[in-house]
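Hydrogens, waters and symmetry mates are skipped; everything else that's a heavy atom, side chains included, is used.
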Amino acid sequence: MMKMSVAALAFGAMLPLAAQAQETAPPPPPPVPGETAPATAPMGGEMAPAAHATHGGMPPITGARAGGVAIWGDLQINMSKELVGKPFSIAPDIIYGVSDVLSVALIHSTWGYAGLAGGVGDGLCLAGKKNGCAKVYNAVGAQARYAFTPELALDLGVFASSLSDPMLADAKIGIAGKVMAGPLMLMFEPNIHIGLNKRDAGNIKQLVVVPVCVGLPLNEQLMAMLQTGIYGMTEKFGDNYRIPLSLGAMFHLNPNTMLGAMFTFNNIGGKKAPGVGAADERALELVVGWMN
């Protein structure tokens, strides 16, 4: 279950509106001598009194508004050399906003697990055993996200990369953040996973993942996205690390619905097995997101 954040997609899909708000909002007034300057949102003139504040229609860093639900459907298709469509799968993530600063999520996708695109075989694996699916459904996770500020949150999760034969579980701790740099949105989500059982019999021991994503608005509805990063087991990291590269776009269909696609080279850099080229491991993801 090398799953990897719907939050990155959610923020990315709303970025054009956030950028527009930044361009049109007046600058905050200068502080009066002897008084404390009021806090202002980094993406516009709107005040940000709490971590759930939104800007130009942008969702909170928790991924769902208080009392609201966000649902992401991820169609994953293996595009690797000589393995196109082997397997393909549907990996839904559901996020519920418990409060202004806390959300909980049911996770199936690689995005939700560790913040990286390029997953295959997650959720409902529909290609059959002969085409790379060990089982139709054999992995799931739960995650909570707590927002310290509108730009920074803590992730805590528990995931079962295998529900049976054998059952394998790991715990996650990570940070999710975003920074505006002119028209660009920079999103980062470093996280570490620690195996909870069978650490010497197939489960991970410690997995570290450092994803970085950049979003560039092309117009008010469409945004281009580029993601890269590095991940690998901490034990002998220099012998097993991988560097993916993802290119894609998100389209804001209406205030509640987003469509997206990401094409990933799963190991454009890093260590490779003998005979495997930098572009041989590939994946395509088609994404539909809805938030209320």
Please list, chain by chain and in numerical order, all residues satisfying side-chain hydrogen bond (donor to acceptor under 3.5 Å, both in side chains) with [X], sequence neighbours excluded.
| X | answer |
| --- | --- |
| Asn191 | His193 |
| Thr264 | Ser246 |
| Lys135 | Ser164, Asp165 |
| Lys172 | Gln143 |

Give a yes or no answer on whether the side chain of [X] reaches the backbone of [Y] with a donor-acceptor pair at less than 3.5 Å.
| X | Y | answer |
| --- | --- | --- |
| Glu285 | Gly118 | yes |
| Ser103 | Thr62 | yes |
| Ser162 | Leu168 | no |
| Ser80 | Arg282 | yes |

Report task. Could you list all the disulfide (SG to SG under 2.5 Å) pairs where at least one residue sits in residues 63-161, not counting sequence neighbours? Result ->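 Qualifying pairs: Cys125-Cys133.
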Report task. Write out all pairs satisfying disulfide (SG to SG under 2.5 Å) with one or both partners inside residues 254-292, taking only residues at least two apart or from two chains. Result ->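 Those involving residues 254-292 do not exist here.
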Find out if a path of hydrophobic residues (ILVMFWY) with successive side-chain heavy-atom gaps under 4.5 Å connects [X] to [Y].
| X | Y | value |
| --- | --- | --- |
| Val179 | Val212 | no |
| Val104 | Trp290 | yes |
| Leu253 | Leu218 | yes |
| Leu124 | Leu106 | yes |
| Val158 | Val208 | no |

Query - Mutual orientation of the aromatic rings belonging to Phe237 and Tyr241 [parallel < 30°, tilted 30-60°, perpendicular > 60°] - result: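 Taking Tyr241 first and then Phe237, their aromatic rings lie parallel (interplane angle under 30°).
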Looking at every non-hydrogen atom in both residues, tell me the closest pair between [X] and [Y] and how far apart they are.
| X | Y | value |
| --- | --- | --- |
| Ala160 | Met167 | CB-CE, 4.2 Å |
| Asn292 | Gly68 | OD1-CA, 3.2 Å |
| Leu222 | Ala249 | CD1-CB, 4.1 Å |
| Ala283 | Gly119 | CB-O, 4.5 Å |
| Asp100 | Ala66 | OD1-CB, 3.4 Å |
| Thr228 | Pro244 | OG1-O, 2.8 Å |

Separation between [atom1] of [X] and [atom2] of [Y], rounded to the nearest 0.5 Å:
| X | Y | atom1 | atom2 | answer |
| --- | --- | --- | --- | --- |
| Ser89 | Asn78 | OG | CG | 9.5 Å |
| Met233 | Asp239 | CE | CG | 13.5 Å |
| Asn254 | Leu259 | CG | CG | 8.5 Å |
| Leu83 | Ile77 | CG | CD1 | 14.0 Å |
| Cys213 | Met262 | SG | CE | 5.5 Å |
| Leu163 | Asn138 | CG | CG | 5.0 Å |

Query raised in the report: Any chance the rings of Tyr113 and His108 have centres within less than 6.0 Å?
Result: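 They do not qualify: ring centres at least 6.0 Å apart.
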Is the shortest side-chain heavy-atom distance between [X] and [Y] below 4.5 Å?
| X | Y | value |
| --- | --- | --- |
| Leu207 | Thr234 | no |
| Ile173 | Leu154 | yes |
| Asn197 | Asn203 | yes |
| Phe159 | Val140 | no |
| Leu245 | Leu226 | yes |

Please name all residues satisfying side-chain contact (heavy atoms from CB on, under 4.5 Å) with [X], sequence neighbours left out, ordered by chain then number.
| X | value |
| --- | --- |
| Lys205 | Arg199, Asp200, Glu235 |
| Lys129 | none |
| Ala70 | Ala64, Trp72, Ile95, Met291 |
| Val214 | Leu184, Leu186 |

Query - Audit row: Val288, Met258, side-chain contact (heavy atoms from CB on, under 4.5 Å) steps and yes/no - result: CA-CA 6 Å; Val288 178; Met258 288 140 283; over 6 Å; no
Requested in this report: Show the numbers, then the answer: is there a side-chain contact (heavy atoms from CB on, under 4.5 Å) between Ile90 and Leu126?
Outcome: CA-CA 8 Å; Ile90 299 175; Leu126 305 175; 3.9 Å; yes
Report task. Go through the steps to decide whether Ile175 and Leu152 satisfy the test side-chain contact (heavy atoms from CB on, under 4.5 Å), and finish with yes or no. Result -> CA-CA 7 Å; Ile175 295 292; Leu152 189 66; 3.3 Å; yes
Query raised in the report: With sequence neighbours left out, what residues match Phe88 under ring-ring contact (aromatic ring centres under 6.0 Å, His included)?
Result: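 For Phe88 there are no ring-ring contact (aromatic ring centres under 6.0 Å, His included) partners, ignoring immediate neighbours.
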**Report entry** Residues forming a ring-ring contact (aromatic ring centres under 6.0 Å, His included) with Tyr96, sequence neighbours excluded
**Finding:**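 Per chain and number, Tyr96 pairs via ring-ring contact (aromatic ring centres under 6.0 Å, His included) with no residue.
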Query raised in the report: So which of Asp122, Asp74, Asp93 actually passes side chain to side chain donor-acceptor pair (under 3.5 Å) with Ser109?
Result: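 Answer after filtering Asp122, Asp74, Asp93: Asp93.
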Query - Of Arg242, Met79, Lys81, Lys272, the residue whose pairing with Glu281 passes side chain to side chain contact (heavy atoms under 4.5 Å, CB included) - result: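 So, applying the side chain to side chain contact (heavy atoms under 4.5 Å, CB included) to Glu281 and each of Arg242, Met79, Lys81, Lys272, only Arg242 qualifies.
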Query raised in the report: With a 4.0 Å cut-off, would you call Glu189 and Arg145 a salt bridge?
Result: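 Yes, charged N to carboxylate O under 4.0 Å.
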